[in-house]
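Structure record follows, encoded as structure tokens.
Keep in mind that this is a model prediction, so the values were computed, not measured.
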Amino acid sequence: QVQLVESGGGLVQAGDSLRLSCAASGRTFSNYGLGWFRQAPGKERVFVATISRSGSSTYYSDSVKGRFTISRDNAKNTVYLQMNSLKTEDTAVYYCAARTSILLSGSTRSYEYWGQGTQVTVSS
């Protein structure tokens, strides 16, 4: 199995940028497709972005497309989420997740491993 640890969250103002990182340990990192999800208070956890094993394919939710960028460095066992032009509605706990399937997925149920989450708060 793989262990995931997110970092980089914090309090920022609307319009600012923030980069989240998720470091993995355990099994071979490049064997996993990776995703970022977020959960706002009182709401369900929702899909943000996903990236293929090699990093050649990505997919985003409509709410973040054009503002967020997911990337990975397989040599460093790390996946990133660059968040630009942040909005107050981006406030949530952000989770990274891993799955062994080669296919991209935005479904929480298809991910086998999860990190503990990092809080992102965007103030107006």
Side-chain angles (χ1 to χ4, degrees):
Q1 67 183 49
V2 62
Q3 293 78 41
L4 304 169
V5 179
E6 302 94 335
S7 62
L11 173 63
V12 297
Q13 291 189 326
D16 284 352
S17 297
L18 202 59
R19 189 177 81 158
L20 305 182
S21 300
C22 176
S25 60
R27 296 285 180 88
T28 304
F29 184 69
S30 58
N31 286 347
Y32 295 89
L34 301 165
W36 284 98
F37 294 77
R38 66 187 182 187
Q39 187 167 18
K43 296 188 177 181
E44 293 185 350
R45 191 172 301 185
V46 297
F47 168 73
V48 174
T50 184
I51 190 167
S52 62
R53 294 174 175 180
S54 66
S56 60
S57 298
T58 58
Y59 181 69
Y60 298 90
S61 70
D62 288 343
S63 62
V64 306
K65 196 175 299 181
R67 299 188 298 122
F68 290 12
T69 302
I70 187 171
S71 62
R72 64 189 294 167
D73 186 337
N74 285 346
K76 295 183 177 179
N77 287 1
T78 303
V79 60
Y80 305 98
L81 185 68
Q82 177 67 43
M83 304 185 294
N84 298 330
S85 302
L86 282 161
K87 305 175 181 180
T88 56
E89 51 263 44
D90 295 320
T91 295
V93 177
Y94 283 72
Y95 298 89
C96 72
R99 65 194 297 261
T100 53
S101 173
I102 196 172
L103 300 175
L104 296 178
S105 174
S107 170
T108 57
R109 290 175 292 182
S110 65
Y111 286 79
E112 299 145 70
Y113 306 103
W114 292 84
Q116 83 290 346
T118 186
Q119 176 70 48
V120 173
T121 303
V122 184
S123 64
S124 58

Can you tell if the side chain of [X] reaches within under 4.5 Å of the side chain of [Y], non-hydrogen atoms only?
{"X": "Q1", "Y": "Y113", "value": "yes"}
{"X": "V48", "Y": "L81", "value": "yes"}
{"X": "M83", "Y": "L20", "value": "yes"}
{"X": "Y59", "Y": "F47", "value": "yes"}
{"X": "W36", "Y": "V79", "value": "yes"}
{"X": "T121", "Y": "V12", "value": "no"}

Calculate, to the nearest 0.5 Å, the distance between atoms [atom1] and [atom2] belonging to [X] and [Y] respectively.
{"X": "L34", "Y": "T58", "atom1": "CG", "atom2": "OG1", "value": "12.5 Å"}
{"X": "D16", "Y": "N84", "atom1": "CG", "atom2": "CG", "value": "10.0 Å"}
{"X": "S57", "Y": "L104", "atom1": "OG", "atom2": "CG", "value": "5.5 Å"}
{"X": "C22", "Y": "W114", "atom1": "SG", "atom2": "CH2", "value": "11.0 Å"}

Could you check whether any side-chain N or O of [X] sits under 3.5 Å from a backbone N or O of [Y], counting only pairs where one atom can act as donor and the other as acceptor?
{"X": "Q119", "Y": "G10", "answer": "no"}
{"X": "E44", "Y": "Q39", "answer": "no"}
{"X": "T118", "Y": "G9", "answer": "yes"}
{"X": "R72", "Y": "S52", "answer": "yes"}
{"X": "T88", "Y": "S123", "answer": "no"}
{"X": "Y60", "Y": "I70", "answer": "yes"}
{"X": "R38", "Y": "V120", "answer": "no"}

Will you find, in the side chains of [X] and [Y], an N or O donor that is under 3.5 Å from an N or O acceptor?
{"X": "D73", "Y": "T78", "value": "no"}
{"X": "S30", "Y": "T28", "value": "no"}
{"X": "S56", "Y": "S54", "value": "yes"}
{"X": "R99", "Y": "Y111", "value": "no"}

Hey, are D90 and K87 close enough for a salt bridge, meaning a charged N less than 4.0 Å from a carboxylate O?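 No salt bridge links D90 with K87.
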Heavy-atom count around [X] [atom1] within 6.0 Å, excluding the residue itself: above 12?
{"X": "E89", "atom1": "CD", "value": "yes"}
{"X": "I102", "atom1": "CD1", "value": "no"}
{"X": "K43", "atom1": "NZ", "value": "no"}

Mind listing the closest non-hydrogen atom pair of [X] and [Y] along with its distance?
{"X": "S124", "Y": "A14", "value": "CA-CB, 4.4 Å"}
{"X": "A40", "Y": "A92", "value": "N-CB, 3.8 Å"}
{"X": "Q82", "Y": "S17", "value": "NE2-CB, 3.9 Å"}
{"X": "A24", "Y": "V2", "value": "CB-CG2, 3.8 Å"}
{"X": "T91", "Y": "V122", "value": "OG1-N, 2.9 Å"}

Going hydrophobic residue to hydrophobic residue with side-chain gaps under 4.5 angstrom, can you get from F68 over to I51?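 Same hydrophobic cluster.
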Apply side-chain contact (heavy atoms from CB on, under 4.5 Å) to T100 and N31, showing your working. CA-CA 6 Å; T100 53; N31 286 347; over 6 Å; no
Distance to the ring centre below 6.0 angstrom and angle to the axis at most 45 degrees; does that hold for R53 and Y32?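 Not flagged: R53 not positioned over aromatic ring of Y32.
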